[in-house]
Amino acid sequence: MNVSLSREDVVRLTERVEGAQINGYTIPNLTNEYPNMTLSDGYLVQKELRQRLVSSGQRLVGWKAGLTSKAKMIQMGINVPIIGFLTDRMASMESFPISFQKLIHPRIECEIAFVTKKLLKGPSCSAKDVIEATDYILPSLEVIDSRYENFNFDLPSVVADNGSSSYFVTGARARYPSDFDIRSLGVVMEKNGEIVAMGAAASVLDNPANAVAMLVNCLSGLDEFLPAGSIVMSGGITPAIPVRSGDNIVARFQELGTVSLRFVE
Ligand code: OOG
Ligand code: MG
């Protein structure tokens with residue numbers, strides 16, 4: 001691993017990111033202060049953050065892949081997929097409006113979520129392995145909220161901020177991945193009744209199952225694996241859409257039904 005941060009630096013940066021996440025304020029990119037910070041350093045900070053949240057009582061429920069579609073890579077100016085972790089505190093429900101109190105500049109993404117029934121381990125996990133280990137797939141929405149000013153970041157900084165993770169919501173209609181071709185699933189996203197984005201699941205690394213395989217192989221590089229019963233968000237299909245208090249989002253997925261989300265003060 002190509003790391004430049006000392007243990008003290010990792011702890012310091014984790015506290016900085018954690019403060020910004022909990023209280024909802026922005027911080028400069030971590031690379032401003034540590035220009036030699038690498039991608040591996042970013043994952044060290046992310047791991048420290050995960051361990052702190054877990055020891056404070058949050059439960060690890062799964063992982064997320066990010067920057068897995070061209071649309072997202074172009075929007076964010078980074079062409080390397082990333083991963084982040086998901087805890088029970090990030091899970092929200094469709095019927096439960098999301099409060100803007102601790103949010104900065106949230107954006108919404110529509111994604112295919114996978115729920116696994118078998119352990120998956122890298123370093124050579126394939127899309128076929130992922131499909132075999134998948135219990136079912138769900139339509140989902142992710143709320144991302146970068147802790148960096150103007151939603152601008154570089155790769156080590158966004159990884160340290162756990163891939164901008166904020167909330168995720170899944171829809172109720174579970175489907176078996178063997179029942180259809182995931183690649184051709186279409187999705188239409190509406191904000192306050194107007195179509196704001198649309199796409200097909202194939203935009204995500206040609207098949208969202210490839211994003212899950214990438215995630216498992218990335219986990220292996222971090223000496224981790226994906227336990228059975230994990231939820232995995234495979235990454236935004238379309239560019240992320242900014243939202244404000246009062247906005248209503250509905251994502252209509254072909255075959256998977258709809259997922260909706262409302263934002264309040
Ligand atoms: C990074 C997180 C990207 C996705 O689905 O691509 C992500 C960001 O864009 O802030 O969650
Ligand atoms: Mg996402």
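In this chain, residues are counted from 1 in sequence order. Whatever order the structure lists them in is the order used to number ligands and atoms, beginning at 1.
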Tell me which part of Glu142 gets within contact of ligand 1: side chain, backbone, both or neither, using heavy atoms under 4.0 Å.
-> side chain

Worked verdict on Glu33 versus Arg12 for salt bridge (Lys or Arg N to Asp or Glu O under 4.0 Å) | CA-CA 12 Å; Glu33 191 184 347; Arg12 219 173 130 248; 3.1 Å; yes

Glu109 and Lys72: CA distance, side-chain angles, deciding distance, salt bridge (Lys or Arg N to Asp or Glu O under 4.0 Å) verdict = CA-CA 10 Å; Glu109 301 177 324; Lys72 280 290 308 181; 2.7 Å; yes

So how many protein N, O or S atoms does the Mg ion (ligand 2) have within less than 2.8 Å?
-> 3

Proximity to ligand 1 by part of Ser164, non-hydrogen separation under 4.0 Å = side chain

Say whether Asn29 and Ser157, considering side chains only, have a donor N or O and an acceptor N or O under 3.5 Å apart.
-> yes

Contact region, Glu111 to ligand 1, non-hydrogen atoms below 4.0 Å, reads side chain

Asp247-Asn192 side chain donor-acceptor pair, cut-off 3.5 Å = yes

Between Thr31 and Asp154, a side-chain donor and acceptor under 3.5 Å | yes

Under 4.0 Å from ligand 1, counting heavy atoms only, is it the side chain of Lys64, its backbone, both or neither?
-> side chain

Nearest protein heavy atom to atom 9 (O) of ligand 1, by residue and atom, and its distance?
-> Lys72 NZ, 2.7 Å

Going by atom types only, do Thr38 and Asn2 share a side-chain donor-acceptor pair under 3.5 Å?
-> no

Those atoms of ligand 1 less than 4.0 Å from some heavy atom in Phe151 = 10 (O)

Polar side chain donor-acceptor pair, Gln58 to Thr87, under 3.5 angstrom = yes

